[in-house]
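These values consider heavy atoms only, across backbone and side chains, with no hydrogens, waters or symmetry-generated copies.
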Amino acid sequence: MFQRVMGQVFTRYIKFPVVAILGPRQSGKTTLAKYFFKNYKYFSLEDPNTRLLVQNDPRGFLKANENAHGIIIDEFQHVPNILSYIQLESDEKNRPGYFVLTGSQNYLMNQAITQSLAGRVGILTLLPLSINEMAQNNLLENKSVDDLMFFGGYPRVYSESILPLDYFPSYLQSYVERDVRQLVNVENLNLFQKFMSLCAGRIGQLLNIESLGNDCGISFNTARSWLSILEASYTIFLLQPHFKNFSKRLTKSPKLYFHDTGLACSLLRILSPEVLATHPLRGNIFESLIIADMYKQFCNKGMRSPLYFWRDLNGRHEIDCIIDRGLNLVPVEIKSGLTISSDFFKGLEYWNDLAQNNPNNSFVIYGGNEKEIRKQGIIIGWKAAGNFIDQMIDPTVL
């Protein structure tokens, strides 16, 4: 098993009666739950027999296991009504951390949790491996940034040495045929896969749902519904624009990113790291890698992501990422180039002057490995980005 940062926050979350670990399929939720809750009884609702048992007699299921040290219920979204019985059991017996739930469909599960377990559940999101986790598990040795973007962060790619060209098409096929059909009635699955590829072609760009729908040959409402599916299944996420305008008119559209760049490369039919190195979307994919990694780091610590971007209405000035720390905003530019250039700082210089921000509180994360402190800001290599959020979380830093 790979070492995961999230294990460090379980001691906080087991104070809740129920701990829910959400995330995409094959991100390591089951492995993590079994490892940290070794004495718990494990049940998977992917198993048709177990699912039928829980559906037909949820009270009997819980009664039969009431003397267990605890219970892990894997992929619980298959029987969402079990949550009502878990609520009653939790209120009656008050056993912190007794129930551990895992699931891979955020749309169904958050709806069920809101209705049944509000105030009783600690929710964690486990995404594919972060840069920091890969470094801790010695998975970055001799890897270039193009290698990392191409291979992505899904644990099974590394634990079983599966080539991305084999892994991701199978993953996508399984995802479309199982999860998409459960979330919504998509009649033309090939068209949905085309829609996913079109999303990958817009990685790191402002979201235009109407244009996306037109290119796919579907209506605006269908495109919006399908985007919700991709969000709910942890395939994509939307980065919202920051609201502070400094008397400027700002864009209102979010930007589209993928949680895993390996999956995006597969959808774009990028066949190798060498092809990626010269691909026209390499810069966008690198931007997605870094922003998704920062997002993962907040999730791994059980924290809500405070990530945004900033862009004026005509697009002349933009900051790739704004970290809202409450008392101050931290601008981060993301550049895929391997050589440090003065052009890296153009956006930061404009924003720092506009926001009266200290350049020591502004950063560039780039595709090389050096760290430099310049008068315009601090430059960090992509491997060091794995520890970057630790600084942002510590209020004594910066």
Side-chain angles (χ1 to χ4, degrees), residues 2 23-29 104-105 126-131 133-134 139-140 143-181 183 186 188-205 207 212 215-216 223 226-227 229-238 255-293 295-296 336 367 382:
F2 294 129
R25 288 190 181 276
Q26 300 184 24
S27 62
K29 302 181 301 295
S104 54
Q105 294 177 11
L126 184 70
L127 297 166
L129 293 162
S130 69
I131 294 175
E133 288 175 323
M134 297 187 78
L139 300 177
L140 290 183
K143 273 193 170 52
S144 69
V145 67
D146 292 311
D147 291 332
L148 177 59
M149 289 190 287
F150 180 72
F151 279 81
Y154 277 91
R156 186 167 290 179
V157 171
Y158 301 92
S159 64
E160 300 181 19
S161 300
I162 304 176
L163 292 174
L165 295 178
D166 297 327
Y167 177 80
F168 287 109
S170 297
Y171 181 92
L172 285 166
Q173 186 71 21
S174 174
Y175 159 71
V176 169
E177 291 188 352
R178 296 172 64 185
D179 292 349
V180 171
R181 285 181 186 269
L183 284 166
V186 178
N188 191 334
L189 293 179
N190 290 330
L191 191 60
F192 185 84
Q193 287 185 311
K194 177 184 177 182
F195 180 79
M196 293 178 67
S197 297
L198 288 170
C199 286
R202 288 162 169 77
I203 191 169
Q205 300 176 22
L207 176 63
L212 189 58
D215 288 351
C216 193
W226 287 6
L227 282 168
I229 293 171
L230 294 178
E231 281 191 274
S233 55
Y234 301 96
T235 302
I236 67 167
F237 65 100
L238 302 180
K255 294 177 73 173
L256 187 153
Y257 294 102
F258 275 68
H259 282 296
D260 190 81
T261 56
L263 184 60
C265 286
S266 179
L267 287 165
L268 291 169
R269 294 182 170 83
I270 296 173
L271 301 179
S272 70
E274 291 73 27
V275 172
L276 175 58
T278 58
H279 196 277
L281 287 177
R282 180 182 183 274
N284 298 60
I285 294 170
F286 180 76
E287 186 177 317
S288 187
L289 170 75
I290 298 302
I291 290 180
D293 191 73
Y295 187 95
K296 290 174 188 176
S336 62
W382 66 272

Report yes if the side chains of [X] and [Y] come closer than 4.5 Å at any heavy-atom pair, otherwise no.
{"X": "M134", "Y": "F2", "value": "no"}
{"X": "I236", "Y": "R202", "value": "no"}
{"X": "I285", "Y": "F150", "value": "no"}
{"X": "Y171", "Y": "R156", "value": "no"}
{"X": "E133", "Y": "K296", "value": "no"}
{"X": "R282", "Y": "V145", "value": "yes"}
{"X": "P24", "Y": "P128", "value": "yes"}
{"X": "S130", "Y": "D293", "value": "yes"}

Applying side-chain contact (heavy atoms from CB on, under 4.5 Å), run through L148 and W382 and close with a yes or a no.
-> CA-CA 11 Å; L148 177 59; W382 66 272; 3.4 Å; yes
Over all atoms of both residues, closest heavy-atom pair of [X] and [Y]:
{"X": "A200", "Y": "L267", "value": "CB-CB, 3.8 Å"}
{"X": "L129", "Y": "P155", "value": "CD1-CA, 4.0 Å"}
{"X": "A264", "Y": "I203", "value": "CB-CD1, 3.9 Å"}
{"X": "Y257", "Y": "I291", "value": "OH-CD1, 3.4 Å"}
{"X": "G153", "Y": "D260", "value": "N-OD1, 2.6 Å"}
{"X": "M149", "Y": "L289", "value": "CG-CD2, 3.8 Å"}

Output the distance between atom [atom1] ([X]) and atom [atom2] ([Y]), rounded to the nearest 0.5 Å.
{"X": "I131", "Y": "I290", "atom1": "CD1", "atom2": "CD1", "value": "4.5 Å"}
{"X": "R269", "Y": "H279", "atom1": "CZ", "atom2": "NE2", "value": "11.0 Å"}
{"X": "L207", "Y": "C199", "atom1": "CG", "atom2": "SG", "value": "8.0 Å"}
{"X": "H259", "Y": "S233", "atom1": "NE2", "atom2": "OG", "value": "9.0 Å"}
{"X": "L212", "Y": "Q205", "atom1": "CG", "atom2": "CD", "value": "10.5 Å"}
{"X": "L230", "Y": "M196", "atom1": "CG", "atom2": "CE", "value": "5.5 Å"}

Taking S197 for the side chain and Q193 for the main chain, is one N or O donor matched with an acceptor at less than 3.5 Å?
-> yes
Positive for side-chain contact (heavy atoms from CB on, under 4.5 Å) with I270, one of L276, L281, L165 | L276
Audit row: Y154, Y167, side chain to side chain donor-acceptor pair (under 3.5 Å) steps and yes/no | CA-CA 10 Å; Y154 277 91; Y167 177 80; over 6 Å; no
Please state whether the rings of W226 and F195 are parallel, tilted or perpendicular, taking 30° and 60° as the class boundaries.
-> perpendicular
Under 30°, 30 to 60°, or over 60°: which ring-plane class applies to Y295 and F237, parallel, tilted or perpendicular?
-> parallel
